[in-house]
Each structure stands twice: as C-alpha cells, then as structure tokens.
Amino acid sequence: MNDEWRTISYRKAISALKRQKKPITSYQEAIKIRGIGDRTAEKIAEIIETGNLRRLQHFSEDDEVIKKFSDIWGVGSAIAMKWYAKGYRTFDDIIQNVKLTRVQRIGLECFDDLRERIPRDEVTEISKRVEEAACRIDPKLLCITVGSYIRGKPTCGDIDILITRNNTDGKTSSGPFLKLLNTLREQGLLTHDLTKHQEENATSRYFGICKLPGGEKYRRIDLFTVPFNELGAALLSFTGNDIFNRSMRLLARKKKMKLNNHGLYKNISRGRGGDSLTEGTLIAQRTEREIFDALGVPWR
DNA sequence: GCCT
DNA sequence: CAGTACG
DNA sequence: AGGCCGTTACTG
C-alpha cells in the first residue's frame, strides 16, 4: 500500500492544526483550514464528539511489522516491505536471515536508544562539546545547532550542528571539518559513523551516533559544513521543519525560481518531469532575510 | 490524504 | 541506479 | 487527473 502522500497530508494537517490560535471545536471550523479537507475534518469531528477515532483502534499486524522494520536507521519502506514479503516478522528473523548493511546493523544495535527523544539540556551539552573541539582546531569556526533545537523544542529527535567559517581570510570550514570529526571520535563522543565519505567538500553532511561520557543513551547527531556565503540558505534549510521547507520550495517553483540548501535562484525553466533545464541565476543565499524578501514571504 |  | 536520509 | 522539495547528499 502506498501511503506516502497520505502520510504527508496528515502531517500537513497536524502542522496546520498546531498553528491555530484557538482550539478547533467543529467540522465547520476544521474544514476552513488550508490543508484540512473533508476526510480529515470528519475525523477531527469524530474525535471532538466521541473522544477517539474508531479507525485508529486497530492497525493490521502487517502495518505494525513494516512500521517497526522501517524504524531501523537505513531501512525504508521498500526494504521493510521486502522483508515482510519474505515472511520475516521480528528483528530475530531479520538478524538470522538478512545480510544487513553496515548502517542497518548500527541502526539495529542502537534501536531502542535512537527511538528516545533527547532532552534539550543534553543537546546543549553535546553541542557545547562539539563547539569546544571545533574552536580548538580553528577559533574562527562557527557552530550553530539547528533543527528542532533552534526552533525551541523541549526535546529533539537528534542533534543537528551546522559548521561554517567566515572566509574573508581565504580559509573555510571544510578542511577543519574532517579534523573535527576525528577529534570527536578520539574523544569518544562520536561512537558510530552512519556516513563514511571523507572527502574535503565545500558542503558535506556527516551522520553519526554520539554519546556523552557517562551518558545513558546513544544519540543521533548530524554535522554539516557549509560555505559562509551560503549560510542563510543553509540555516533556512536545516532549521526546517520539512513541511515548511517543502512549502517554501514549492512556492519558489511556482515563481519560476528554485530554492535549495545553497540558495534561491531565479529564471528557472523546468521540463515536464519537473527537472530544471536551466541553471537559473543565483539571487539570494547569504541571509535568510534576503531569501524571504526575494521570495516575497513576510519575514517570520 | 489535499489542492488545482 | 534505487533506496534512504536530512530539514 | 495528476502533482505533491531538492538536478539536496550519501550508500551499496
């Protein structure tokens, strides 16, 4: 069953509901909200009237198993369904019968810990250690903890740290980035690598797992290095959330522009498949404000 | 799922 | 390349 | 009916 878009629709609806200033008390109020249609408004009404949703009472066993498989890092819907089709139902079945990839083995090993949300204070603590290590390598490195942390959430699913450096003296953050990873490994803060690429790219993403010394649990951590000029676009992208990013990018597309983690481009012409045919012209990337202005979106 |  | 992942 | 983010970045 392909529920990909339905899932996204529900997440959009949830997001729209959370933005409401007043609680929704009826079908009529719900359906006025953009992103909530008849089907979802009916479900909301049922919840308002009865306190629950009958269809939610029971998921089929298939759904439960596939969901659990795809909760393993490195396992998506395709692999989860393939495993299910082969008759596997438990992690034991998987361990016995499947040749797991390196990252899937890590995902399984840390499965329970990675399901836990991270208290904000712990994100602060881990970020501080990364920042200190970065500063020792190059005092001009700038570390910004983004993702749900920068959005002020009390707990985070993972730790996202953006690393950049003012390049007016000709130096960037890409070289120190690899040194930083090595330092953090030596310190024992980084315990597992989920990405392995070790090239010195201007933009690169490291995904891994970390644990505070004496800490209780393994935590997912992402480190990004971005060129200083692209800081605004990178902040916009890595601050999210994903629903917000998709909506901004869709808006850009409607205006014959393109928004990605590098910047905002204009005069994009796209093929029927949506793939762009022209490079376009870069019009904003340095600050988030520039990008909002160029897109015609009120600043925050 | 929702929107055009 | 398909699959998975990130916000 | 048909699109729904990114020519995103990384793995195998």
Side-chain angles (χ1 to χ4, degrees), chain A residues 1-16 30-31 33-44 55 69-83 99-107 114 144-151 153 156-162 193-199 201-208 220-226 230 233-254 257-265 268-280 288:
Chain A
M1 184 189 293
N2 189 357
D3 276 343
E4 184 190 352
W5 295 111
R6 191 168 315 166
T7 306
I8 289 170
S9 263
Y10 279 131
R11 294 188 51 223
K12 272 186 189 167
I14 292 166
S15 184
I31 201 160
I33 301 168
R34 136 174 295 269
I36 295 179
D38 175 61
R39 311 289 302 277
T40 302
E42 277 185 359
K43 292 181 177 71
I44 290 169
R55 286 198 54 190
F69 285 167
S70 53
D71 279 344
I72 302 168
W73 207 92
V75 179
S77 60
I79 290 171
M81 288 169 73
K82 193 172 80 185
W83 287 351
K99 176 159 171 51
L100 294 164
T101 66
R102 187 183 62 85
V103 298
Q104 288 166 350
R105 279 199 304 273
I106 298 170
L114 297 189
I144 307 170
T145 304
V146 290
S148 47
Y149 184 84
I150 204 174
R151 298 202 307 274
K153 300 294 181 193
C156 303
D158 66 358
I159 303 134
D160 304 303
I161 303 178
L162 189 160
D193 299 332
L194 294 169
T195 52
K196 269 292 177 194
H197 94 288
Q198 302 284 319
E199 290 157 50
N201 296 324
T203 311
S204 58
R205 301 178 178 184
Y206 169 85
F207 298 155
R220 276 278 296 107
I221 183 167
D222 299 339
L223 304 172
F224 315 97
T225 172
V226 307
E230 299 180 6
L235 277 172
L236 185 54
S237 171
F238 293 121
T239 295
N241 61 13
D242 60 338
I243 301 277
F244 173 75
N245 284 353
R246 283 165 177 249
S247 70
M248 290 284 281
R249 290 168 185 202
L250 188 59
L251 175 66
R253 175 182 278 235
K254 284 176 181 163
M257 295 191 271
K258 174 182 80 182
L259 176 62
N260 62 21
N261 50 317
H262 299 293
L264 179 67
Y265 305 78
I268 302 287
S269 53
R270 293 168 192 271
R272 267 167 300 204
D275 43 326
S276 41
L277 297 178
T278 61
E279 289 283 319
E288 291 182 279

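Bear in mind that the values here come from a model prediction, so they are computed numbers and not experimental data. Below, read A as the first sequence line, B as the second, and so on, with proteins coming before strands; counting in each chain starts at 1.
Taking atom CZ of A:Arg246 as the reference point, atom P of D:dT8 lies 15 Å away to the nearest angstrom. Summarising the geometry, the separation between CG on A:Leu251 and P on B:dC3 is reported as 17 Å, rounded to the nearest angstrom. One interatomic measurement links the two molecules: CD1 of A:Ile8 to P of B:dC2, which rounds to 14 Å at whole-angstrom precision. Summarising the geometry, the separation between CZ on A:Phe238 and C1' on C:dC6 is reported as 7 Å, rounded to the nearest angstrom. Per the geometry, CG belonging to A:Asn241 stands 16 Å off P belonging to D:dG6, to the nearest Å. Put simply, CD1 on A:Ile144 is 16 Å from P on C:dG7, counting in whole angstrom units. The distance from atom CD1 of A:Ile31 to atom C1' of B:dG1 is 13 Å, rounded to the nearest whole Å.
Where stacking is scored as ring centres under 5.5 Å apart with planes under 30°, A:Phe207 does not register as stacked on the base of C:dC6.
The closest donor-acceptor contact from the side chain of A:Thr40 to the backbone of A:Ile36 lies at 3.5 Å or more, if one exists at all. Side chain of A:Thr278 to main chain of A:Ser269: a donor-acceptor pair is present (N/O by atom type, distance under 3.5 Å, no hydrogens or angles). With hydrogens and angles disregarded, a donor-acceptor distance shorter than 3.5 Å links the side chain of A:Arg105 to the backbone of A:Leu100.
The shortest distance between the side-chain N/O atoms of A:Ser247 and the OP1/OP2 oxygens of D:dC5 is not below 4.0 Å. Distances shown here put a side-chain N or O of A:Lys258 below 4.0 Å from the OP1 or OP2 atom of D:dT7. Phosphate proximity of D:dG3 to A:Arg249: absent, as no side-chain N or O sits under 4.0 Å from OP1 or OP2. OP1 or OP2 of D:dT7 has not a single side-chain nitrogen or oxygen of A:His262 nearer than 4.0 Å. In this structure, A:Arg39 reaches the B:dG1 phosphate: one of its side-chain N or O atoms is under 4.0 Å from OP1 or OP2. Contact check, A:Arg151 against C:dG7: no side-chain N or O comes under 4.0 Å of OP1 or OP2. Between A:Asn245 and D:dG6 there is no side-chain polar atom (N or O) within less than 4.0 angstrom of OP1 or OP2. For the OP1/OP2 pair of C:dC6 and a distance below 4.0 Å, the side-chain nitrogens and oxygens of A:Trp73 include at least one atom meeting the criterion.
Considering only the side chain of A:Trp5, B:dG1 comes nearest among C:dA5, D:dG12, B:dG1. You'll find that the side chain of A:Arg253 is closest to D:dG6, out of B:dT4, C:dG7, D:dG6. The listed nucleotides are D:dC10, C:dG7, B:dG1; the one nearest the side chain of A:Asp242 is C:dG7. For A:Tyr10, the side-chain atoms get nearest to B:dG1 when compared with the rest of B:dG1, D:dG12, D:dG6. Each of B:dG1, D:dT7, D:dC10 was ranked by its minimum atom distance to the side chain of A:Arg55; first place goes to B:dG1. Of the candidate nucleotides C:dG7, D:dA9, D:dC10, D:dC10 has the atom lying nearest to any side-chain atom of A:Ser204. Checked against D:dC5, C:dG7, D:dT11, the side chain of A:Asp222 finds its nearest nucleotide in C:dG7. Looking at the side chain of A:Ala78, the nearest of the listed nucleotides C:dT4, D:dC10, D:dG6 is C:dT4. Listed nucleotides: B:dG1, C:dC6, D:dG12. Nearest to the side chain of A:Thr40: B:dG1. The listed nucleotides are D:dA9, C:dG3, B:dG1; the one nearest the side chain of A:Lys43 is B:dG1.
Note on A:Ser148: nothing from the nucleic acid sits closer than 4.0 angstrom, heavy atoms only. Within 4.0 Å (heavy atoms only), A:Ile72 reaches sugar-phosphate atoms of the nucleic acid but no base atom.
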*Can A:Phe244 and A:Leu236 be said to form a side chain to side chain contact (heavy atoms under 4.5 Å, CB included), step by step?*
CA-CA 10 Å; A:Phe244 173 75; A:Leu236 185 54; 3.8 Å; yes
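Rounded to a whole angstrom, the distance from the P atom of D:dC4 to that of C:dC6 is 23 Å. A gap of 13 Å separates the C1' atoms of C:dA5 and D:dG6, to the nearest Å. Atom name P, nucleotides D:dC5 and B:dT4: the rounded distance is 14 Å, in whole Å.
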